[in-house]
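Report on the structure given below.
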Amino acid sequence: MSDKRTFSSLVVDGVQNAPARAMLYPTGFRREDFAKPQIGIASTWSMVTPCNMHINALAEAAAMGADESGGKSVLFNTITVSDGISMGTPGMRYSLVSREVIADSIETVVGAQGFDGFVAIGGCDKNMPACAMAMARLNRPSVFVYGGTIQPGRERRDIISVFEAVGGFAAGRISAQQLEEVEATAIPGPGSCGGMYTANTMASAIEALGLSLPNSSAQEAVSEQKRTDSYNAGAAVFNLIARGIRPSDILCREAFENAITTVIALEGSTNAVLHLLAIAHSAGIPLTLDDFSRIGARVPVLADMRPAGQYAMSELIAIGGIQPLMKTLLDAGLLHGDCLTVTGKTLAENLRDVAPYPESQRIIRPLSNPIKKDSHLVVLYGNLAPTGAVAKITGHEGLRFEGTARCFHGEEAAMTAIMDGRIQKGDVVVVRYEGPRGGPGMREMLSPTSAINGRGLSNDVALITDGRFSGGSRGFVIGHVTPEAFEGGPIALIEDGDRILVDADQREVSLLVSAEVLAERRARWQQPAPYATSGTLAKYARLVSSASEGAVTDKYLG
């Protein structure tokens, strides 16, 4: 095994490394451990959110799996932040920023300590793609573990029930007592938000990429299955080290096509576009917005999952998770079965003995009767988004919307107008200066979209932003508008009363104003002062790329 210890041998072998070995003895190393592959266990445990509050136990299980296979585990932590808690506040600016911080920190620890491989455990929206980005950057044998989904609250509630109850209260549809009862019963314990929101979407995408063990994406946080998955991940890394299998052997272009296909079939979050672009960048795989359109033209939406549909992740788990769906897609020629995975086997080999869903289930439609015949993730272009925007069009909202612009500088101003009843049928709410640089951090617009839905306006009001959306957002919503307002993109030039047209069939988002008028407005436009001039947010705003490029911070460093 010594020839497989490429990295740790540089740290602990030889007379010259006696100081390093001396430092490791008090952390639990024994003399014989220095001859073993060192396997880092990157834990995102934290008590700041229920999504990650249980991950310390999963990290310990992964460490046990690594140790009992013949490796030497070393646990370490990184940060996490909570989208659900910071949503609608200035703190949400740090959410997407945390993806970069987490990826950087995992890369830093693994690189500095000389681990031969590692397990990365994530349980919330941004730490999950961050783990995958670090795996791709480091290119050392590694396995991702999803922390697992939360169980449903009372009356099948989840966090989106609370956000929409806020809008219902503002509209007078529910009482203060009813709102309090919803908030007190929606979150019963550990785990990530329970619909096909961003966490469950990214868990499914990462499994389809081949970076996690089969069925890792479809287990409840509080379950023996999830603990076993974590243990097996530690053992799997030891196997990958022995066989010399690295993420670069797994993360080919076809693997990303598999992830996109799976996300579409599951009616997953628009954030998957942003995160898959970022992971692909870290892996050196060319991937663009147009790849989502190309693949989406042939992949149907099959899952009747929240937020647009009816069912929670726990209910999908009960019928077999995503593996039977992937088997269906593979058999139909929609997945590349020859892609290698962290099991050391191909995707087709992993799926060979997967049983179909029970005939009585109603969560996953057959290919012959899809919810939508093509993708719900619609990439739009036009004079309002020359370099692209991303819409989540499930079919429930219709395929075309034309309305009158109501413009707001930032989320707070838009939220106040919605809560005060100043948004009416036929309006297009424009929330700008919320992009990666202008926000900074590209805040999610879950609070405004939920308030619109809670007021009963989801079919009659559209929302357009250079920010992004939570996986729990629903309605006629268009995000990731590029170029963003802070860079002088056309979204900065919209004025109250302008007409805006969104046509999902034609894949266009248009500001119905003449080029001459837009040129005159552009000449008058001035870039606003940045939100931050020092610290983390300022550094992020200086480095971050466009949303159409994944909003990464290392794209232009060469």
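The figures that follow rest on heavy atoms only: side chains count, while hydrogens, waters and symmetry mates do not.
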Original post:
Is the closest side-chain heavy-atom distance between Met87 and Phe163 below 4.5 Å?
Top reply: yes
Original post:
Considering the options Asp83, Asp125, Thr198, which one meets the side chain to side chain donor-acceptor pair (under 3.5 Å) requirement together with Asn271?
Top reply: Thr198
Subject >> Electrostatic pair Lys126:Glu444 at N-O distance under 4.0 angstrom >> reply: yes
Original post:
Got Thr328 and Tyr357 here, is their nearest side-chain heavy-atom distance under 4.5 Å?
Top reply: no
**OP:** Would you check, one step at a time, whether the test side chain to side chain contact (heavy atoms under 4.5 Å, CB included) holds for Glu549 with Leu277?
**Re:** CA-CA 6 Å; Glu549 299 170 319; Leu277 289 172; over 6 Å; no
Subject >> Test side chain to side chain contact (heavy atoms under 4.5 Å, CB included) applied to Leu287 and Ile260, step by step >> reply: CA-CA 11 Å; Leu287 192 72; Ile260 293 170; 4.1 Å; yes
Subject >> N/O donor-acceptor pair under 3.5 Å between Asn52 side chain and Thr44 backbone >> reply: yes
Original post:
Do Val48 and Ile85 pass the side chain to side chain contact (heavy atoms under 4.5 Å, CB included) test, and can you show the C-alpha distance, the side-chain angles, and the key distance before you say yes or no?
Top reply: CA-CA 9 Å; Val48 304; Ile85 295 171; 5.7 Å; no
**OP:** May I ask you to check whether Glu207 and Ser217 show a side-chain donor-acceptor distance below 3.5 Å?
**Re:** yes
Original post:
Are the side chain of Asp116 and the backbone of Gln38 linked by a donor-acceptor contact shorter than 3.5 Å?
Top reply: yes
Subject >> Any side-chain donor near an acceptor of the partner, Arg157 and Thr185, under 3.5 Å >> reply: yes
Subject >> Donor-acceptor under 3.5 Å (Glu411 side chain, Glu434 main chain) >> reply: no
Original post:
Does the side chain of Ile79 reach to within under 4.5 Å of the side chain of Ile102, using non-hydrogen atoms?
Top reply: yes
Original post:
Any side-chain heavy atom of Cys124 sitting closer than 4.5 Å to one from Ser82?
Top reply: no
Identify every side-chain donor-acceptor pair in residues 61-69 under 3.5 Å, counting partners at least two apart or on other chains, and give the distances.
unit_1 : atom_1 : unit_2 : atom_2 : d
Asp67  : OD1    : Ser73  : N      : 2.7
Asp67  : OD1    : Ser73  : OG     : 3.0
Asp67  : OD2    : Ser73  : OG     : 3.0
Glu68  : OE1    : Tyr231 : OH     : 2.6
Ser69  : OG     : Gly65  : O      : 2.8

Original post:
Do Gln361 and Tyr311 have a side chain donor and acceptor closer than 3.5 Å?
Top reply: no
Subject >> Ile206 CD1 to Ile279 CD1 distance, which is reported to the nearest 0.5 Å >> reply: 5.5 Å
Original post:
Does Gln219 offer a backbone N or O that forms a donor-acceptor pair with the side chain of Ser223 under 3.5 Å?
Top reply: no
Subject >> Distance-only side-chain donor-acceptor flag, Thr78 / Ser105, under 3.5 Å >> reply: yes
**OP:** With the side chain counted from C-beta on, respond yes when Val273 and Val263 share a heavy-atom pair under 4.5 Å apart, and no when they do not.
**Re:** no
**OP:** Please check if the side chain of Arg253 supplies one atom and the backbone of Pro286 the other of a donor-acceptor pair under 3.5 Å.
**Re:** yes
**OP:** Could you point out which residue of Gln151, Glu220, Arg156 forms a side chain to side chain donor-acceptor pair (under 3.5 Å) with Ser314?
**Re:** Glu220
Subject >> Donor-acceptor contact present, side-chain Thr201 to main-chain Ser269, <3.5 Å >> reply: yes
Subject >> Backbone of Val552 reached by a side-chain donor or acceptor of Ser545 within 3.5 Å >> reply: yes
Original post:
Are the side chain of Arg93 and the backbone N or O of Arg443 linked by a donor-acceptor pair below 3.5 Å?
Top reply: no
Original post:
Do Tyr146 and Met128 come close enough that some side-chain heavy atom pair is under 4.5 Å?
Top reply: yes
Original post:
Can you say whether the rings of Tyr25 and Phe34 are parallel (under 30°), tilted (30 to 60°) or perpendicular (over 60°)?
Top reply: perpendicular
**OP:** Before accepting this row, confirm whether a basic side-chain N of the pair Asp104/Arg137 lies closer than 4.0 Å to the acidic partner's carboxylate O.
**Re:** yes
Original post:
Is a side-chain donor-acceptor pair under 3.5 Å present for Ser248 with Asn139?
Top reply: yes
Original post:
With side chains defined as the heavy atoms from C-beta onward, is the minimum distance between Glu349 and Thr343 less than 4.5 Å?
Top reply: no
**OP:** Please test Glu267 against His376 for side chain to side chain contact (heavy atoms under 4.5 Å, CB included), starting from the C-alpha separation and ending with a verdict.
**Re:** CA-CA 7 Å; Glu267 200 173 71; His376 65 298; 3.8 Å; yes
Subject >> Carboxylate-amine/guanidinium proximity below 4.0 Å for Arg306 and Glu315 >> reply: no
Original post:
Would you call Glu100 and Val544 a side-chain contact if the rule is heavy atoms closer than 4.5 Å?
Top reply: no
Original post:
Salt bridge between Arg246 and Asp249, side-chain N to carboxylate O under 4.0 Å?
Top reply: no
Subject >> Arg542 atom CZ, neighbour heavy-atom count above 12 within 6.0 Å >> reply: no
Subject >> Main-chain N/O of Leu10 paired with Asn17 side-chain donor or acceptor, under 3.5 Å >> reply: yes
